[in-house]
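Indexing begins at 1, ligand by ligand and atom by atom, following the structure's order.
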Amino acid sequence: MSIPKGNIPKQNQLFYGADYNPDQWQHTPEILERDIELMKQAGVTSASVGIFAWTVLEPQEGRYEFAWLDCVMDRFAQEGMFVFLATPSGSKPMWLSEKYPEVRRVNKDGRRDASGGRHNHCMSSPVYRAKTAQMNRALAERYKNHPALALWHVGNEFSGECHCDVCRINFQKWLKVKYQTLEALNEAWWSNFWNHTFTDWSQIPTFDQSIDGLTVDWLRFTNDQHISFLRNEMAPLRELTPNVPCTTNFMGTHEGTNYWEWSEHLDIISNDLYPMPDDREETWKQSIASDFIHSLMRGMSGGKPWMLLECSPSSVNWGQINKLKRPGVHRQEVLQALANGADTIHYFQWRKGRGGYEKYHGAVVDHEGSDQGRVYKECAALGREIESLGSLCQHELPQADIAIVYDWESRWALNASCGPKAAKVIHPYPSDITTEACQGHYRALTVAGQSVDVLSAQSEFTDYKVLVIPALYMVSDVLSARLQTFVDQGGILVGSYLTGYVDETNRCHLGGFPGAGLRETFGIWNEEVDYLHDETEVSIVAELDETYRYVAKDIVEVLHAESAEILARTASEFYNGSPIITRKQAGAGAAYYVGAKIGDDGLSQFYQQVLSVHAIHPKMRMTLPKGVVIRQRESAQGTLAFLFNYKREVQSIDLHNQTLRDLATGDLLRGHVELKPYASHVCVVDI
Ligand code: GAL
C-alpha cells in the first residue's frame, strides 16, 4: 500500500459534502449548475458521486457513457472541489441482472431475488466479479489523472449473505481448507448432536441453526467473501491509480461484518451513522452510543483520522417515526464526529430526488430547491464553521489510558448460541448483548470523565493501563494467555458477565467458567447464570461500603470467589450473598470481574473507585454532570476542547480554574457555566 492509512493525498482541509446523484438529474442541466452554486455557498469541498449510477455509466453491456461524469468531474475541478468517485456495484443494471440471473442473491429458502432492489448481489458470482472489475477498470482508466479525483468510494454498505450453489460450494471448500478433515470439522462442530455428523463435504449446508459452530463459521466465510469481493473491485483501482486511496463505507456495529478484518484492506476508514435520538428518552445515552461507534472507527484506523461518509442533515425516511432533529442536535452530531477524530463530514444526501424510495429522506437541498430552507441554511453555517476548524485536519487523537475490546466473532458466537436472554432494541438498530455490554461500560467510563479507545481482540493492548472485555464470550487459549500476561505486567483487566464461555469453535469450555485459564486470572468460578424478566431486579451491596447499593437486571451470574477478594455481593434472590464484583490482585496488576448487568450509576461508581485506587485520572479533571462530555483533539492551533451537553435540559458545570474560549462566539467560559440544551462548544483551552 503506497498511501499511509488515514490520509488523502489531496487533503489539506476538512472535507465537507454529501452523496451527490447528478446521474438522476442528467436532463436538467440547470439544476446541476445550481447545485454547484449552492455547494460553493455552503462551503462544500467534496461529494461522493456515482454510487448507484451503473446503468447511466453502461446503458448497454460494454457501451460506456462517460460524458455526463466528465462534466461533473470537470466542474468540480474548476471550482477546486473534489470527487469521491464511487464504483457502482451497490446495485445492478436491469440488463445485467436479467441476462445473468446468477448475479442475484439466493435466500436461505433457496429462492433467488428478483431483479431490482440494491445491495443484493452474490459475492461469489464470477460474472458479477468480472463485470464490476471491468467497470472499475474503465472508470480508473478514464479518470486516473483527473484533478478532481481524491478517493475511491468502493461499492456501498456491503452486507448480507447469499445461499446459492456457488456460495455453498465455496463454503465447503473454505471449510476444507480450515479443517482439512471431516473428523476435525465434526469434532469442532460437536456434530454428533441430533445426527449432524457429516460423512461427505457436499452434505454441508449453509444454514442449520442447530449446529451453532456452523453458524459462526458461515458468518466468518461470508465476511471473507465480502472482503474478497471488495479486493477484486479494488485490484484495477490499485493498479491504475496507486496514489488514490480506497475506502468503503461501514455501518458502525453492523452485525454481519467483522470490520476489523475489512479495515486491514482499506486505506481510509469511513462510516455511515444515523443516530435518531428519541427525545422522550435519555438522549444522552444514545449520543454516547454514537461516541462508542466513532471510537470504534478510530480504533480501526489505528488512531488516525477517519471519515463520516454519511449522516442525515435532518430526518431520515426509513424509521418508524421520522422526527426532525431538534435545534442544536445536527450541529452537535457533526462536531461530535470531529471531536472523535473524523476529518470528513458528508451527508446523505445533497438534493432530494423527485421519485423513488428516498425522495423524502433528509437532504441539504429540498425539493423547493433554493438556499432559503432551514436545513440548507444550517448546513451552510456549519460549512463555514468546519472550514474554520481546518487546523484539525490530519491530526491524530492521542491514545487513551483505557481500552474496550469489541469482538464480532464473539458476538456471533453468543448470538448463535441458543440460551442467553435476547437483547432489547435500544437504538434504531437492533442491538445485542455484546454491543449493549460494551456500550454500557463505555458509557460508565465516559461518565467517569475518561476517554476510551476501542480495540479488537487481536489488537496490541499492552500499552493500555486498563483493558475492559465486556461479555467477551468467546476466548481462545491464546487470547486468555495474552490477558494473563497483561495483568502480570501490571495491567488492570475488567471482565464482565458472559466472559469466557466458549472456545473459537463455539464449544463450551470445560472445567468451569470463565474458561481457557481465565478462572485463574480472575480467581473466580462462575457456576450458573440467571437470566431475568425485564421487571426483576437483584440487589447488589458492596462489602465495605454501605453506600454502594445498586440493582442488577437481565443477567446475574452466581459466582464463587476462589483466589479473588469479594468487593460486592448479591443481596436478594436465592443466591443472596454470592460474590458479584471481585478483584484478584496480581503484583501491580489486577483482574476485576463484574458478574451482573449493573445499571449505569453502579457501574460508573465502580469505575470511579477502581480508577482512583489505581491513580488513573482523566486528562481534564472536572466534575461533569451526566450527559456533559468533554473531548480533546490536537490541531495545528494546539489542543482544542469540545464541550457537549447531550441532554435536552440546561445543565450547569463548574470549570474550576480552567478557562475556555469558544471559537465560534469568542465567549470566555470559566467558573460556573450553563450549557443550553444540546449545546456544543469548540474551545481553545487555558487562554
Ligand atoms: C444508507 C445508504 C444510502 C442511503 C441512506 C439513507 O444506508 O448507504 O445510500 O440509502 O442509508 O439513510
Side-chain angles (χ1 to χ4, degrees), residues 17-25 46-57 83-93 116-121 151-160 226 229-230 233 246-257 259 262 266 268-278 286 290 293-294 296-297 306-325 329-330 333-334 337 342 344-367 375 379 427-430:
D19 275 19
Y20 181 42
N21 302 313
D23 41 300
Q24 292 177 19
W25 298 92
S46 42
S48 302
V49 178
I51 300 175
F52 298 107
W54 195 331
T55 308
V56 178
L57 289 166
V83 171
F84 301 166
L85 190 53
T87 67
S89 62
S91 70
K92 314 169 287 301
R118 65 167 181 177
H119 300 161
N120 53 2
H121 60 263
L151 174 79
W152 288 110
H153 180 302
V154 184
N156 192 64
E157 293 192 342
F158 290 104
S159 67
H226 277 297
F229 183 88
L230 175 72
E233 275 218 55
C246 291
T247 192
T248 190
N249 43 344
F250 291 170
M251 293 179 281
T253 53
H254 184 265
E255 57 198 345
T257 41
Y259 288 137
W262 297 51
L266 298 168
I268 295 188
I269 300 305
S270 63
N271 192 42
D272 299 348
L273 190 66
Y274 292 91
M276 299 209 309
D278 180 342
Q286 296 165 40
S290 295
I293 291 175
H294 295 331
L296 177 63
M297 295 307 135
W306 53 277
M307 315 172 87
L308 182 62
L309 215 43
E310 282 184 30
C311 62
S312 174
S314 61
S315 62
V316 295
N317 67 327
W318 42 258
Q320 290 288 312
I321 302 285
N322 297 302
K323 209 164 171 172
L324 297 176
K325 289 183 184 166
V329 171
H330 170 213
E333 287 173 0
V334 164
T344 299
I345 305 290
H346 265 209
Y347 299 114
F348 179 86
Q349 50 189 339
W350 170 252
R351 176 185 281 277
K352 286 183 185 169
R354 287 196 72 180
Y357 186 75
E358 297 190 315
K359 66 176 186 274
Y360 294 126
H361 192 289
V364 181
V365 181
D366 182 61
H367 294 123
V375 176
C379 291
H427 200 250
Y429 310 106

Heavy-atom contacts with [X] under 4.0 Å: which atoms of ligand 1 show up? List them by number with element.
X      : result
Phe348 : 3 (C), 4 (C), 5 (C), 6 (C), 9 (O)
Glu358 : 4 (C), 5 (C), 6 (C), 10 (O)
Glu157 : 1 (C), 2 (C), 7 (O), 8 (O)

Next on the checklist: Glu358 vs Asn317, test: side chain to side chain donor-acceptor pair (under 3.5 Å). Steps then yes/no.
Outcome noted: CA-CA 7 Å; Glu358 297 190 315; Asn317 67 327; 5.7 Å; no
Checklist entry - Please state which protein non-hydrogen atom is closest to atom 5 (C) of ligand 1 and give its distance, to 0.1 Å? => result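 Its nearest protein heavy-atom neighbour is Tyr274 OH, 3.4 Å.
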Checklist entry - Looking only at N/O atoms, are Asn156 and ligand 1 under 3.5 Å apart anywhere? => result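 N/O-N/O distance under 3.5 Å: yes.
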Checklist entry - Do any N/O atoms on Trp318 end up under 3.5 angstrom from N/O atoms on ligand 1? => result yes
Next on the checklist: Using heavy atoms and a 4.0 Å limit, tell me yes or no: is Phe52 in contact with ligand 1?
Outcome noted: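 Phe52: in contact with ligand 1 (<4.0 Å).
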Next on the checklist: Centroid separation under 6.0 Å, is that true for the rings of His119 and Phe158?
Outcome noted: no
Checklist entry - If we ignore angles and hydrogens, is there a donor and acceptor under 3.5 Å between the side chains of Tyr274 and Glu310? => result yes
Next on the checklist: Quick check against the 3.5 Å criterion: does Asn271 have a side-chain atom that pairs as donor or acceptor with the backbone of Gly252?
Outcome noted: yes
Checklist entry - With no hydrogens and no angle check, is any side-chain donor or acceptor of Lys325 less than 3.5 Å from a backbone partner on Ser312? => result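 Side chain of Lys325 to backbone of Ser312: a pair is present.
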Next on the checklist: For Ser270, give me all partners under side-chain hydrogen bond (donor to acceptor under 3.5 Å, both in side chains), at least two apart in sequence or on another chain.
Outcome noted: Thr247
Item to check | Those residues that, when tested against Cys311, pass side-chain contact (heavy atoms from CB on, under 4.5 Å) (two or more places apart) | outcome: Leu308, Ile345, Tyr347
Next on the checklist: Among Glu310, Met251, His254, His361, which one puts a heavy atom closest to atom 2 (C) of ligand 1?
Outcome noted: Glu310
Checklist entry - Considering Arg118, Gln349, His119, which one's heavy-atom position lies nearest to atom 9 (O) of ligand 1? => result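 Selected option, by shortest heavy-atom distance: Arg118.
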